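Quick note: numbers below take in every heavy atom, side chains included, and nothing from hydrogens, waters or symmetry partners. So that the names make sense, note that chain A is the first sequence line, chain B the second, and so on, each numbered from 1. Bear in mind that the values here come from a model prediction, so they are computed numbers and not experimental data.
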Protein chains: 2
Amino acid sequence: MSKSTIDDVAALAGVARTTVSRVLNNQPNVRAEVRDKVLRAVEQLGFRVNPQARQLAGKKALRFVLVHASDFDSEPNSYFSSALELGATRAAARLGAQLITHVVNQNDPHAARQILAQAADDQCNGVILTPPFADDPALLRALAAQDCRVVGIAAGPESQALVETIGIDEERAGHDMAAHLLAQGHRAFGFIKGPAQHRSAEGRYDGFLAALAEAGIPASAVQAERGNFTFRSGLDCAQRLLGPDRTITALVCANDDMAAGALLAAHKAALRIPQDIAITGFDDTPVSEIVWPPLTTIHQPLRKMGERAVERLAQLAGGSPPDPAAPPLHEIVPHHLVPRDSSGMALQ
Amino acid sequence: MSKSTIDDVAALAGVARTTVSRVLNNQPNVRAEVRDKVLRAVEQLGFRVNPQARQLAGKKALRFVLVHASDFDSEPNSYFSSALELGATRAAARLGAQLITHVVNQNDPHAARQILAQAADDQCNGVILTPPFADDPALLRALAAQDCRVVGIAAGPESQALVETIGIDEERAGHDMAAHLLAQGHRAFGFIKGPAQHRSAEGRYDGFLAALAEAGIPASAVQAERGNFTFRSGLDCAQRLLGPDRTITALVCANDDMAAGALLAAHKAALRIPQDIAITGFDDTPVSEIVWPPLTTIHQPLRKMGERAVERLAQLAGGSPPDPAAPPLHEIVPHHLVPRDSSGMALQ
DNA sequence: CATGAAATTGGAAGCGCTTCCAATTGTTCC
DNA sequence: GGAACAATTGGAAGCGCTTCCAATTTCATG
């Protein structure tokens with residue numbers, strides 16, 4: 001169980017460590033024959049580069065901060081934050097970077113100031129901000145002023161103009177969900193939105209409406225409610241939409257938790273799902289598979305987003321100074337529709 | 001935003017790096033006056049040790065493997081695995097260790113062989129096994145035979161006798177849940193167990209029965225069903241227990257997902273929760289707060305368990321050879337009862 | 001074949017830190 | 001005061017790897 005080092009590879013391949021390093025890092029000026037010899041030695045020894053050593057030697061000690069939002073002063077008990085951080089820490093480990101996580105109470109009036117102080121304290125190369133912090137332009141500007149790079153997660157258009165951001169194409173996702181339901185014959189829709197300040201999620205509704213408009217269904221025909229991403233708000237909104245005078249045959253919820261609440265409301269109203277009412281969510285968190293029937297939803301790759309955020313910061317830290325004239329990049333990660341039984345059947 | 005190094009601290013404190021290192025690592029033979037001077041310099045500079053450099057210099061390059069179980073060949077979409085891994089990666093990062101994760105299909109007859117091959121391939125110092133792999137004695141013995149240290153997560157008594165393990169006190173947890181319900185006046189119970197091969201979770205039922213026995217309620221009076229930890233199995237079992245001839249006032253489920261299914265069954269049967277039937281879960285996953293009413297449950301600190309697993313492996317890798325006569329250590333991490341509205345009121 | 005240029009390879013320093021062995025300082029005893 | 005011992009501190013090597021600059025080899029041209 002002893003670990004091979006670059007010196008072992010060099011000895012076996014009969015070259016210097018410099019050459020091994022060149023091969024492993026895809027640098028030029030290595031003959032193909034030497035490259036093959038090195039790669040064979042790597043394979044034979046089962047060599048794995050030590051990322052810590054690589055990072056240290058490369059003079060690129062990197063340290064990033066991930067800021068979680070919470071309603072309390074303790075860590076959020078949520079899949080969103082766990083998955084995002086898991087992706088981020090995996091990427092950091094791979095790159096030999098340090099990732100420091102902080103939890104900030106989103107209801108604290110001093111939240112922004114706290115984030116600024118922590119970023120300075122931590123002497124970090126960059127900060128990953130989650131909603132709602134990613135949608136706070138003043139905070140984004142203040143971080144830039146203290147020379148701190150930022151990647152915003154699921155941030156709205158205003159933030160996209162200020163800092164690097166990552167998210168799914170929310171409008172396209174909403175459009176895809178509507179298209180799925182339209183293809184099943186639905187023409188009468190309800191929609192439970194998320195919080196108004198969640199700018200990116202508003203795009204879900206916009207895309208949904210755009211797809212309906214293409215099918216000749218005006219926005220005024222949609223029965224919309226506003227929830228706050230919780231099961232309870234989904235239950236309450238759905239009870240209003242699924243009352244005795246119900247006209248809708250499909251209810252789209254802006255996240256899975258609210259959709260789970262809407263499922264309960266439908267069960268309580270003795271409605272068959274999806275025959276009487278199809279119900280769909282967003283995000284593909286574990287909840288979407290836990291409930292009955294399992295939810296049709298849009299998969300948002302949270303882990304991937306965490307990874308990309310770290311990788312983006314690493315690029316920013318390692319590259320040339322940013323071109324001030326170039327706008328920040330909004331990176332779109334792919335979403336996909338996950339059809340499940342909550343919308344599994346075409347309308348009769 | 002420049003990072004301080006140990007040399008900066010040494011210069012400011014007027015000592016050698018060796019002395020700074022001694023202070024930071026709590027080594028003896030440093031006068032208190034010198035120690036204070038160093039710590040002040042650390043504070044003033046906001047110095048943070050670089051764990052990569054520490055690990056590399058300390059000649060303790062560590063690499064661990066975490067094996068997730070899945071029903072597919074892709075990564076499980078579950079809070080259990082995410083939280084465990086998050087704890088493990090955080091601890092690994094802090095210790096400057098590498099953590100490699102693998103996903104193994106638990107239904108694959110070659111699963112054990114796959115794990116063995118991967119551990120050897122990865123040249124790792126140790127393996128963290130999750131259920132059901134942690135409950136496979138043959139696998140545990142085979143890993144030991146290839147000189148691979150193991151920490152099992154939530155493993156049953158048989159595994160506890162073979163390898164290092166970590167879990168909550170399942171019996172005490174089951175006992176605490178029963179005591180909570182007994183204190184609210186409940187005397188007629190149902191219980192939805194987990195899968196029979198999940199040895200550790202059987203302890204939940206044992207502890208539950210022990211508490212009832214103390215209150216003079218025999219095991220034969222409990223209506224028990226067996227689920228498989230899924231929402232659907234919870235729904236099905238609960239429908240049998242909550243039928244028109246229902247006699248129970250409290251239903252304890254061996255995990256939160258089944259409890260969420262039981263909640264739906266209760267809602268469908270038009271039962272008030274908790275007035276007509278109290279329903280409780282186990283594990284305190286995000287689901288427990290997402291449903292309505294929120295679930296009383298037992299908090300199992302998954303992240304902590306992941307952390308401790310890595311720390312335990314690091315200790316095993318760094319210490320003296322294990323005493324063959326000493327039994328492996330079963331580490332108990334604290335659980336606690338989380339009372340919520342699903343059992344929030346005393347019986348009328 | 002000789003020369004110059006380009007391509008390829010290697011020696012060695014050093015990233016931030018730990019640790020081994022040497023050097024220095026302090027304490028105790030006669 | 002001197003010797004012996006203990007406590008404290010520091011110099012320097014080196015962890016696994018990258019990278020800068022030097023050395024060597026290869027290629028092209030006259």
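When the P atom of D:dT26 is taken as reference, atom CD of A:Glu33 falls 10 Å away, rounded to whole Å. The distance from atom CZ of A:Arg63 to atom C1' of C:dG16 is 12 Å, rounded to the nearest whole Å. In this structure, the CG atom of A:Leu56 is 12 Å from the C1' atom of D:dG14, given to the nearest Å. The separation between A:Asp8 atom CG and D:dG16 atom P is 9 Å, rounded to whole Å. Atom CD in B:Gln55 sits about 15 Å away from atom C1' in D:dG14, given to the nearest Å. Between the CG atom of A:Asp7 and the P atom of D:dT18 there is a distance of 12 Å, given to the nearest Å. Between B:Ile6 atom CD1 and C:dC15 atom P the separation is 13 Å, expressed in whole Å.
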CA sep, side-chain torsions, deciding dist, call: A:Val151, A:Val127, side-chain contact (heavy atoms from CB on, under 4.5 Å):
CA-CA 6 Å; A:Val151 171; A:Val127 172; over 6 Å; no

Taking it one step at a time, do B:Thr130 and B:Leu66 satisfy side-chain contact (heavy atoms from CB on, under 4.5 Å)?
CA-CA 8 Å; B:Thr130 55; B:Leu66 170 62; 4.3 Å; yes

Run the side-chain contact (heavy atoms from CB on, under 4.5 Å) test on A:Val30 and A:Val38 for me, step by step, so that the C-alpha distance in whole Å, both residues' side-chain angles and the decisive distance to 0.1 Å come before the verdict.
CA-CA 10 Å; A:Val30 183; A:Val38 170; over 6 Å; no

Go through it in stages, so that I can follow the logic: the residues are B:Gln55 and A:Asn50, the test is side-chain contact (heavy atoms from CB on, under 4.5 Å), and I'd like the CA-CA distance, side-chain angles, deciding distance and then a yes or no.
CA-CA 11 Å; B:Gln55 193 60 241; A:Asn50 180 336; over 6 Å; no

Where do B:Glu311 and B:Arg308 land on the salt bridge (charged side-chain N to carboxylate O under 4.0 Å, His left out) test, with the steps shown first?
CA-CA 5 Å; B:Glu311 285 164 1; B:Arg308 286 299 300 144; 2.6 Å; yes

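Checked against D:dT9, D:dG16, D:dG10, the side chain of B:Val34 finds its nearest nucleotide in D:dT9. Picking from D:dG16, D:dG10, C:dT18 the nucleotide with the shortest atom distance to the side chain of B:Ala16 gives D:dG10. With distances taken from any side-chain atom of B:Thr18 to the nucleotides D:dG16, C:dG10, D:dA12, the minimum falls on D:dA12.
Contact check, A:Arg54 against D:dT18: a side-chain N or O comes under 4.0 Å of OP1 or OP2. OP1 or OP2 of D:dG10 sits under 4.0 Å from a side-chain N or O of B:Thr19. Phosphate contact (OP1/OP2 of C:dT9, side-chain N/O of A:Arg31, threshold under 4.0 Å): present.
For the pair A:Arg312 and A:Glu331, the salt-bridge criterion is met [side-chain N within less than 4.0 Å of a carboxylate O].
Nucleic acid contact class of A:Val20 (heavy atoms, under 4.0 Å, all strands): none. Among the atoms of the strands shown, only primed sugar atoms or phosphate atoms (P, OP1, OP2) are found under 4.0 Å from some heavy atom of B:Thr5. Using a 4.0 Å heavy-atom distance criterion, A:Arg35 is classed as making no nucleic acid contact.
Defined by atom type and a distance below 3.5 Å, a donor-acceptor pair is missing between the side-chain atoms of A:His68 and A:Ser81.
Residues of residues 21-29 of chain A having a heavy atom closer than 4.0 Å to DNA chain C, listed by number: A:Arg22, A:Asn29.
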